[in-house]
Each structure stands twice: as C-alpha cells, then as structure tokens.
Amino acid sequence: MINPDFMQLAIDLALEGINNEQSGPFGAVIVKQGEIIGVGTNRVTSSKDPTAHAEVSAIRNACLKLNNFSLAGCEIYTSCEPCPMCLGAIFWARLDKIYYAANRADAARANFDDSLFYEEIKKAPEQRLIPMTQIMHQESLKIFSAWDQNTNKIPY
C-alpha cells in the first residue's frame, strides 16, 4: 500500500542534503511492513564516492539493520527514478517495489542526465565508449566451477 508520508520523507531527506551541503538532490527510504528500516541521501561529493547515491546508501543502511543482504519483502521510496546503477542495486537487493517522485527527464533538466548510461548498456561491450576487452575467458571459468562445487556457499 502506497504511503505518501514515506515519499515525503525521501523528498525531505533530499532537501536536507542540499541544505546541509552534503551532496546531490536525492533521498531514499526503505520500508518493510510499514516500518522504516533504511534511509539514504546522495553523498557522492561529500564522501568522494561515486557510488554513494541515495538508493545505494539506503540499501546499505537497511541491510545492516536487517543483518541480511536480501531486502525481499521491502519497498523503496525514492525522490527520483533510480539511475541504472541504483536500479541494478535494487534488483540485487531484491526489493519488492519501487516508488519514485521525479523522473529521469526531470533529473536530466537538473544536469543529472543518465541517458548515456542507458544507451551504453544496450551496446555490445566492444562498442562502448569505455573500451572493454575480454581476456583469459577459459581460465576465468575455473572460478564458477569452484563456486558450483562449494558446499559452504550462500547463494544470492
């Protein structure tokens, strides 16, 4: 069930981050069964970490609180449509639902344009702007064989 109060908190966190000069204009809240279990703001410039987006920060916070890498059963409220990196993190964390306020076009107008990333993902690796060259493919397959045979692994 959608709760506008959680989205308002995400928006307030984004505004707070701007006002405290912490970093970019983004906030996120993760909820499980109506309880806030994680919050995050964009701290890219203040932490000198390009992965410190609001959604990623909220995911890290929620996982610590739940002591689990899976956020299945949780929902995320984010002040803006997640960028490709954050969307990937949301999928890896197994969140059940995403609620967002502003969209990617709104973000682009504020100079947070992710369109290049969306276009690059569609391309074959060797055609991307950052050159990618595959080497030692056969040797690397030993890693996955070892993983498959590991009886102590925790699947994710």
Side-chain angles (χ1 to χ4, degrees), residues 7 10-11 13-31 37-72 74-150 152-156:
M7 184 59 76
I11 292 168
L13 287 167
L15 289 169
E16 181 181 311
I18 294 168
N19 294 333
N20 293 334
E21 298 179 13
Q22 293 172 352
S23 205
F26 304 97
V29 176
I30 296 178
V31 177
I37 59 162
V39 299
T41 59
N42 181 291
R43 295 176 183 267
V44 169
T45 58
S46 63
S47 69
K48 316 290 188 276
D49 178 357
T51 68
H53 289 202
E55 296 91 338
V56 172
S57 298
I59 288 168
R60 290 174 179 159
N61 185 271
C63 286
L64 283 173
K65 182 169 183 173
L66 293 180
N67 194 31
N68 198 331
F69 60 85
S70 175
L71 297 177
C74 299
E75 302 172 335
I76 187 166
Y77 290 78
T78 180
S79 63
C80 188
E81 179 181 357
C83 74
M85 177 184 71
C86 292
L87 186 59
I90 289 166
F91 273 99
W92 276 112
R94 293 171 178 74
L95 286 151
D96 290 359
K97 189 129 188 172
I98 302 167
Y99 300 104
Y100 65 96
N103 61 37
R104 68 176 88 166
D106 300 321
R109 283 190 292 278
N111 293 315
F112 292 94
D113 189 353
D114 297 330
S115 59
L116 172 69
F117 304 126
Y118 288 102
E119 291 304 313
E120 286 295 299
I121 288 168
K122 294 177 191 176
K123 294 179 183 177
E126 64 277 1
Q127 294 176 339
R128 294 182 179 147
L129 288 176
I130 298 176
M132 294 178 69
T133 304
Q134 185 177 25
I135 64 170
M136 298 184 71
H137 179 234
Q138 288 302 314
E139 293 83 354
S140 71
L141 297 178
K142 296 174 193 171
I143 299 165
F144 296 112
S145 178
W147 174 255
D148 285 341
Q149 295 171 24
N150 182 349
N152 294 322
K153 66 183 170 202
I154 300 172
Y156 63 97

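- For S79 (side chain) and G27 (main-chain N/O), a donor-acceptor pair under 3.5 Å exists by modelled atom type.
- Counting only heavy atoms from C-beta outward, the side chains of C80 and N103 never approach each other to under 4.5 Å.
- Not a single donor-acceptor pair under 3.5 Å links the side chain of D113 to the backbone N or O of A108.
- Once rounded to the nearest 0.5 Å, the distance linking CG of L71 with NZ of K65 reads 12.0 Å.
- No donor-acceptor pair closer than 3.5 Å links the side chain of D114 to the backbone N or O of F117.
- The OH atom of Y99 lies 4.0 Å from the CD atom of E75; values are rounded to the nearest 0.5 Å.
- Side-chain contact check for T41 versus E16: every heavy-atom pair is 4.5 Å or farther apart.
- A donor-acceptor pair shorter than 3.5 Å cannot be found between the side chains of N68 and S70.
- Sequence neighbours left out, the pairs with a member in residues 127-148 that pass side chain to side chain donor-acceptor pair (under 3.5 Å) are S145-Q149.
- Applying side-chain contact (heavy atoms from CB on, under 4.5 Å) to I76 and the options V31, I90, V29 leaves one that passes, I90.
- Without hydrogens or angle criteria, N61 side chain to S57 main chain gives no donor-acceptor distance under 3.5 Å.
- Taking 4.5 Å as the limit, every side-chain heavy atom of D96 sits out of range of all side-chain heavy atoms of C74.
- Checking side-chain atoms of E81 against main-chain N and O of R104 turns up a donor-acceptor pair under 3.5 Å.
- The backbone N or O of L129 lies less than 3.5 Å from a partner atom in the side chain of E120, making a donor-acceptor pair.
- The structure places CD1 of I37 at 6.0 Å from CD1 of I30, a figure rounded to the nearest 0.5 Å.
- Pairing each heavy atom of G40 with each of A58, the nearest pair is N-CB, 3.7 Å.
- Within the model, atoms CE of M85 and CD of E55 stand 8.0 Å from one another, a figure rounded to the nearest 0.5 Å.
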Task: Criterion side-chain contact (heavy atoms from CB on, under 4.5 Å) on L141 and M136, from CA distance to verdict - done: CA-CA 9 Å; L141 297 178; M136 298 184 71; over 6 Å; no
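- More than 12 heavy atoms of other shown residues, nucleotides or ligands fall within 6.0 angstrom of atom OH in Y118.
- Side-chain atoms of S46 and N20, non-hydrogen and from C-beta on, never get closer than 4.5 Å to each other.
- Atom CD1 of I59 and atom CG of L64 lie 12.0 Å apart (nearest 0.5 Å).
- Separation of atoms CG (L13) and CD1 (I18) is listed at 11.5 Å; rounding is to 0.5 Å.
- Residues P155 and F69 share a closest heavy-atom pair of O-CZ, 3.7 Å.
- You'll find the side chain of V44 stays beyond 4.5 Å of the side chain of D49, heavy atoms only.
- For the ring pair (Phe, Tyr, Trp, His ring centres under 6.0 Å) test, residues two or more places apart in sequence or in another chain that qualify with F112 are F26.
- Between I98 and P82, the shortest heavy-atom distance links the atoms CG2-CG, 4.1 Å.
- Heavy atoms of other residues, nucleotides or ligands lying less than 6.0 angstrom from NZ of K123 number more than 12.
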